[in-house]
J.: 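Please find one structure pasted underneath; my questions will follow.
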Number of protein chains: 2
Amino acid sequence: MSYHHGNLRRTIIDAAVEAIGDTGTATWSLRELARRAGVSHAAPAHHFGDKAGLLTAVAAEGFELFADALGAAGDDFLDVGVAYVRFAVERRAYFEVMWSPELYDTDDASVVRARGRAGEILVSGSRSLPGNVEGDWAGAIAAWSTAHGFANLWLTGALPSFVGDDPAAAARPVLEVLTRGRAAAGE
Amino acid sequence: MSYHHGNLRRTIIDAAVEAIGDTGTATWSLRELARRAGVSHAAPAHHFGDKAGLLTAVAAEGFELFADALGAAGDDFLDVGVAYVRFAVERRAYFEVMWSPELYDTDDASVVRARGRAGEILVSGSRSLPGNVEGDWAGAIAAWSTAHGFANLWLTGALPSFVGDDPAAAARPVLEVLTRGRAAAGE
DNA sequence: GTGGCATCTTGTCAGTGACAAGATTGGAGT
DNA sequence: ACTCCAATCTTGTCACTGACAAGATGCCAC
């Protein structure tokens with residue numbers, strides 16, 4: 001092992017994401033990540049400043065991955081919603097950090113950019129809501145809230161067991177509730 | 001100040017709730033709460049064992065208050081949903097702890113009891129969903145998800161500013177989306 | 001090939017959670 | 001009134017943490 005690690009920044013972020021996925025954001029330490037990477041206890045500080053700096057990097061990367069995942073789902077409201085839930089479960093660590101603004105710097109330039117990209121994709125997805133009219137913010141926010149709420153409830157383990165063990169399959173009928181009767185009612 | 005505080009348990013819980021409301025669950029320490037209560041650094045440990053024990057007490061009390069708030073809202077789905085959001089914002093500290101299972105002992109007897117009580121009220125509220133049929137778990141979970149998601153998005157500050165500054169007023173039209181056209185479509 | 005700079009290390013400090021052992025006190029039983 | 005006991009709180013201690021300062025190393029542009 002040479003003096004310079006070579007890819008410490010990437011390694012530390014990956015270790016952080018893994019640790020967060022295992023036990024959350026509070027149970028590990030920068031020093032533990034440093035040990036795991038075979039590096040001194042102060043090395044991560046050079047790249048991230050402090051713990052909030054590391055989590056800022058995780059959040060920024062998370063929003064980028066999130067935007068990618070939503071974008072790949074297409075233009076249909078249901079598909080975007082399912083992708084929203086799928087991302088939350090499959091990349092749980094990123095998702096949890098992203099929505100914990102007290103943990104990182106929400107005004108960081110890379111965070112703002114990535115979050116903006118994800119937001120635009122979300123808005124364009126809500127346009128395919130049946131019966132959607134221009135400026136119907138209640139409908140768009142209801143769709144967002146439902147996907148976000150379902151994802152959070154799934155992650156906290158609060159949902160009853162009969163919804164099954166496949167989050168995407170369970171989310172679809174729930175999101176469909178938002179479309180029931182809407183087209184028929186001509187709203 | 002006598003040797004025995006007299007009401008340390010209550011005082012520590014209140015101080016914890018206040019601190020969580022200010023800056024979250026990670027920025028304060030048991031020792032700081034002890035100092036604030038004018039008590040030695042190890043006194044809280046007697047009542048709660050450790051930090052998780054304290055948060056377990058907060059969560060249990062939170063679910064009790066939550067059940068009270070939902071119960072007081074009546075039987076209408078919309079009113080219960082609005083009460084859900086209002087509780088999340090007005091008692092933010094309790095709400096955040098309640099839905100952070102990694103912070104406390106979710107199997108604690110008092111937690112299980114209080115959470116069960118809140119769950120029953122929630123289920124009975126979903127029965128008033130327009131077009132509700134017996135066993136329509138997608139509808140009930142959609143309602144729960146929407147209220148829960150809206151509350152979380154509000155708390156994280158993710159919602160656009162045009163929704164206003166009154167969470168209850170903003171939540172109502174969003175929750176109403178779930179009822180649009182449903183009765184008319186006879187579903 | 002050398003100077004500069006990003007990268008990483010060593011050293012240190014106050015603060016933290018957790019535990020052990022001892023001090024204090026109110027109150028129940030007699 | 002007295003004793004004793006259990007709940008409550010204190011003091012002392014340990015390994016660990018985040019944060020900072022100062023120094024060592026080695027890659028790379030020139």
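Bear in mind that the values here come from a model prediction, so they are computed numbers and not experimental data. So that the names make sense, note that chain A is the first sequence line, chain B the second, and so on, each numbered from 1.
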J.: How many whole angstroms separate atom CD of A/E32 from atom P of D/dG18?
T.: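 After rounding, the gap between these two atoms is 9 Å.
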J.: Backbone N or O of A/F77 within a donor-acceptor pair of the A/S128 side chain at under 3.5 Å?
T.: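 At least one qualifying donor-acceptor pair exists.
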J.: Specify the separation, in whole Å, of atom NE2 of B/H41 and atom P of D/dT11.
T.: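 Taking atom P of D/dT11 as the reference, NE2 of B/H41 is at 8 Å.
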J.: Counting side-chain heavy atoms from C-beta on, which of C/dA18, D/dG18, C/dT9 comes nearest to A/S29?
T.: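 The answer is D/dG18.
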J.: Check the phosphate of C/dC8 against A/H46, side-chain N and O only, distance under 4.0 Å to OP1 or OP2. Yes or no?
T.: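 No, because none of the side-chain N or O atoms of A/H46 sits under 4.0 Å from OP1 or OP2 of C/dC8.
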J.: Provide, to the nearest angstrom, the distance between the CG atom belonging to B/D50 and the P atom belonging to C/dT16.
T.: 16 Å
J.: Tell me the interatomic distance from A/F48, atom CZ, to D/dA19, atom C1', rounded to whole angstroms.
T.: 16 Å
J.: Out of D/dT17, D/dC20, C/dA20, which has the shortest distance to the side chain of B/A42?
T.: C/dA20
J.: Looking at A/E61 and A/R10, is any side-chain nitrogen of the basic one under 4.0 Å from a carboxylate oxygen of the acidic one?
T.: yes
J.: Within this structure, what is the CG-to-P distance between A/L8 and C/dT7, rounded to whole angstrom?
T.: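 For the pair A/L8 CG and C/dT7 P, the rounded distance is 10 Å.
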J.: For C/dT9 and A/R31 - does any side-chain N or O of the residue sit under 4.0 Å from the phosphate oxygens OP1/OP2?
T.: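 No, outside the criterion.
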J.: Between C/dG17 atom P and B/L30 atom CG, what is the distance in whole Å?
T.: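 Roughly 5 Å, once rounded to whole Å.
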J.: Output the rounded distance in Å from CZ (A/R35) to P (C/dC8).
T.: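 Value for this atom pair: 18 Å.
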J.: Would you call the rings of B/F87 and B/F66 parallel, tilted or perpendicular, where under 30° means parallel and over 60° means perpendicular?
T.: tilted
J.: Taking only side-chain N and O atoms of A/H47, does any of them lie within less than 4.0 angstrom of OP1 or OP2 on C/dA6?
T.: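 Indeed not, no polar side-chain atom of A/H47 lies that close.
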J.: What's A/R9 touching, base or sugar-phosphate or nothing? Going by heavy atoms closer than 4.0 Å.
T.: nothing
J.: Salt bridge check: are A/D68 and A/R117 linked by an N-O gap of less than 4.0 Å?
T.: yes
J.: Give a yes or no on whether a salt bridge exists between B/D14 and B/R9, defined as a side-chain N under 4.0 angstrom from a carboxylate O.
T.: no
J.: Take atom CZ of A/R10 and atom C1' of C/dT7, then tell me their distance rounded to the nearest Å.
T.: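 It is 18 Å, rounded to the nearest whole Å.
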